[in-house]
Structures are given as structure tokens and as C-alpha cells.
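A quick write-up on the structure given underneath.
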Amino acid sequence: MSTHYHFRCVIPVALRPLFGKTEFWIFLKTGNKSEAGLSAMALNAQTSALFRTARLMTDPDQKKPITKNHLLALYEDITETNERAAAG
């Protein structure tokens, strides 16, 4: 029996309307507990930054309002980065 790990992050209640969901689930594509732990730590930092940005509704680098679609694109970037890291 193989084990596959995933990252689960509950979206803060105030931000749920922005993302249209209550939590993020990202499959880590590894059965190695150590690798999964490292990936989960990185994803936790990335989603925390995403939540900070969402709370401010401002892009911290450009100081301009961002949209719900932009936030969703940032989330997609996080998941794609994780998939690339898992693949190679």
C-alpha cells in the first residue's frame, strides 16, 4: 500500500468569497514523508503570503488594487510551481 501526501489549507472565512472555496487541497505527488513535509512548508508560506495579499487587495510590489481573477492566478502559480518541483 502506497501513501500519497497532500497539502490542505483552510481559507480564512473573510477571504472565502474572493476565492469561491473554503480550502485549498494540493496533492504533493510524493510518497516520501520528508519530501512532502518540505513541500508543505513551502506551500504554507506561499498561501500565507497569498492571504496577506488578498487581505490588502493590493499587489505589494506594484501598490495597485488586484482583482479576484488575479488572486486566483496567484493560487494557480503556487500549484503549478509545486507540480514542477515534484516532477523534477
Side-chain angles (χ1 to χ4, degrees):
M1 181 174 127
S2 66
T3 301
H4 293 280
Y5 295 94
H6 64 272
F7 171 78
R8 176 180 172 258
C9 179
V10 175
I11 298 170
V13 173
L15 300 179
R16 291 176 185 176
L18 293 172
F19 292 99
K21 52 177 78 178
T22 59
E23 61 190 17
F24 296 137
W25 281 75
I26 302 172
F27 289 96
L28 300 178
K29 297 183 180 178
T30 183
N32 182 294
K33 188 174 183 176
S34 296
E35 286 178 19
L38 292 173
S39 293
M41 285 191 300
L43 286 166
N44 185 58
Q46 292 170 329
T47 54
S48 293
L50 178 63
F51 295 154
R52 278 192 303 277
T53 299
R55 282 187 183 99
L56 296 174
M57 286 306 292
T58 302
D59 183 333
D61 295 329
Q62 299 180 21
K63 302 293 184 205
K64 66 178 184 179
I66 60 175
T67 65
K68 178 180 176 180
N69 287 340
H70 186 86
L71 287 173
L72 292 174
L74 290 172
Y75 170 70
E76 290 298 320
D77 287 344
I78 291 170
T79 58
E80 288 173 10
T81 300
N82 180 66
E83 287 179 7
R84 282 194 300 275

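One is the number of the first residue; the rest follow in order along the sequence.
Annotation: salt bridge (Lys or Arg N to Asp or Glu O under 4.0 Å) contacts involving residues 33-51, sequence neighbours excluded, are absent. Residue pairs meeting the salt bridge (Lys or Arg N to Asp or Glu O under 4.0 Å) criterion with at least one partner in residues 38-48, sequence neighbours excluded, do not occur; the list is empty. Pairs of residues two or more places apart, or lying in two chains, that qualify as side-chain hydrogen bond (donor to acceptor under 3.5 Å, both in side chains) and include a residue from residues 13-25 are R8-E23, E23-W25.
Taking a 4.5 Å side-chain heavy-atom cut-off between Ile, Leu, Val, Met, Phe, Trp and Tyr, the cluster of L38 extends to M41.
F27 and F7 fall into different hydrophobic clusters, where Ile, Leu, Val, Met, Phe, Trp and Tyr residues are linked whenever their side-chain heavy atoms come under 4.5 Å apart, directly or through other members.
The two residues I26 and I78 make their nearest non-hydrogen contact at CD1-CG2, 4.5 Å. When all heavy atoms of A36 and L28 are compared, the pair lying nearest together is O-CD1, 3.5 Å.
For the side-chain contact (heavy atoms from CB on, under 4.5 Å) test, residues two or more places apart in sequence or in another chain that qualify with L15 are I11, P12, L18, F19, F51, A54, R55. Here Y75 pairs with F24 under the ring-ring contact (aromatic ring centres under 6.0 Å, His included) rule; sequence neighbours left out.
The shortest side-chain heavy-atom distance between Q46 and L50 does not fall under the 4.5 Å cut-off.
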